[in-house]
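This report refers to the structure that appears directly beneath it.
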Number of protein chains: 2
Amino acid sequence: MSVVAERAEVFAALGDPNRLRILDHLTRSPASATALVEDLEITRQAVAKHLRVLEGAGLVEGARTGREVRFELRPAQVERAARWLDDVAVGWERRLAAVKRAAES
Amino acid sequence: MSVVAERAEVFAALGDPNRLRILDHLTRSPASATALVEDLEITRQAVAKHLRVLEGAGLVEGARTGREVRFELRPAQVERAARWLDDVAVGWERRLAAVKRAAES
DNA sequence: CTCAGGTGCAACTCGATAGTTGCACGATGC
DNA sequence: GCATCGTGCAACTATCGAGTTGCACCTGAG
């Protein structure tokens, strides 16, 4: 997959309110799909689908312990996405500064 | 709109390869919809739709100059999204450190 | 005035996605 | 062994989203 498509997949995974809530919960502590149902008012299967999307984007990883699967955050992709957004913002500000400099000369 | 829904809207707007390419282009210089068509191999109307999505998320703003509409980046939302991602990553690392400390005591 | 370039709006197709229900399977506790 | 808890898989609905074509409307240049 191309680098831009991969980036888009990560952002798309972040582009759903329920998934953001799941991610927010997982920031505080790992949890299983059934545990996450309580604060989401959707079914367990829907939660499981969201977790698969998040896992597909590399934002989260699940590991089986006994009969439950605990999902925990995987910060690498989160940081990568944050860094790209910073680059976009910084690049733009730099361009604005260059335009301003040109106008003053 | 709730804060989480708004965040999701921003990330959803970023969750498409063509929109990422548009954003990348706009980082370097403002452009109109028809100008953006050249490096995207989709129609002008599709580009216009993407621009409306980006504008709806507050990532971009268009202003009419003569008979064309120049779109330029709006870094505020970009920075806000980056900051939230940083918070997620930092919060998780902090939790990991706390768990480690607890295990060592 | 006329014509061309740039936008905008509307209707349509089609694949992806969020959500559901129903059921089957493996691991745990008694 | 057996009831149960947590998962996983499959089928289905319905909505959203990306992309297209076609047409109408302004604005600027000759």
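In what follows, chains carry the letters A, B, and so on, assigned in the order in which the sequence lines appear, proteins first and then strands, with residues in each chain numbered from 1. What you are looking at is a predicted structure, and each value in this text was computed from that prediction instead of being measured.
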Sugar-phosphate, base or nothing in reach of B:R19, heavy atoms under 4.0 Å: sugar-phosphate

Side chain of A:Q45 (C-beta onward), nearest among D:dT21, D:dG8, C:dG6: D:dG8

Any B:L14 side-chain heavy atom under 4.5 Å of B:R19 side chain: no

Closest listed nucleotide, where the reference is the side chain of B:K49 and the choices are D:dA18, C:dG8, C:dT20: D:dA18

OP1 or OP2 of C:dT20 under 4.0 Å from side-chain N/O of A:R44: no

Closest to the B:N18 side chain, choosing from D:dG19, C:dG19, D:dT7: D:dG19

5'-most by nearest nucleotide on DNA chain C - A:I42 or B:S32: B:S32

From A:W84 atom CH2 to B:L20 atom CG, the distance as rounded to the nearest 0.5 Å: 4.5 Å

Note, A:E9 side chain near A:Q77 side chain (heavy atom, < 4.5 Å): no

Which residue lies more 5' along DNA chain C, comparing A:V53 with B:E68 via nearest heavy atoms: B:E68

Interatomic distance where CG belongs to B:D16 and P belongs to D:dC16 [whole Å]: 18 Å

Residue-phosphate contact under 4.0 Å: B:R67 side-chain N/O, D:dA29 OP1/OP2: no

Integer-rounded Å distance: D:dA18 P and B:L36 CG: 16 Å

Under 3.5 Å donor-acceptor pair, B:E41 side-chain atoms to D:dG19 base atoms: no

Distance test, side-chain N/O of A:H50 to OP1/OP2 of C:dT17, below 4.0 Å: no

Atom pair distance, as rounded to whole Å: CG in B:L51 and C1' in D:dG19: 15 Å

Distance, rounded to the nearest Å, where A:I22 contributes CD1 and C:dG19 contributes C1': 13 Å

Contact under 4.0 Å: B:T34 side-chain N or O vs C:dG5 OP1/OP2: no

Close side-chain approach of A:R21 to A:D39, heavy-atom, < 4.5 Å: no

Lys/Arg N to Asp/Glu carboxylate O, B:E72 vs B:R74, below 4.0 Å: yes

Sugar-phosphate, base or nothing in reach of A:R70, heavy atoms under 4.0 Å: nothing

Side chains of B:R44 and B:S32 in contact at under 4.5 Å (non-hydrogen atoms): no

Distance, rounded to the nearest Å, where A:E9 contributes CD and C:dT17 contributes P: 9 Å

Atom-pair distance (CZ on B:R64; P on C:dT7), nearest Å: 7 Å

Sugar-phosphate only, base, or nothing, as touched by B:A48 at under 4.0 Å among non-hydrogen atoms: nothing

Below 4.0 Å: OP1/OP2 of C:dT20 and any side-chain N or O of A:T43: yes

Candidate nucleotides D:dA18, C:dC23, D:dT7, ranked by approach to the side chain of A:V69 - the nearest: D:dT7

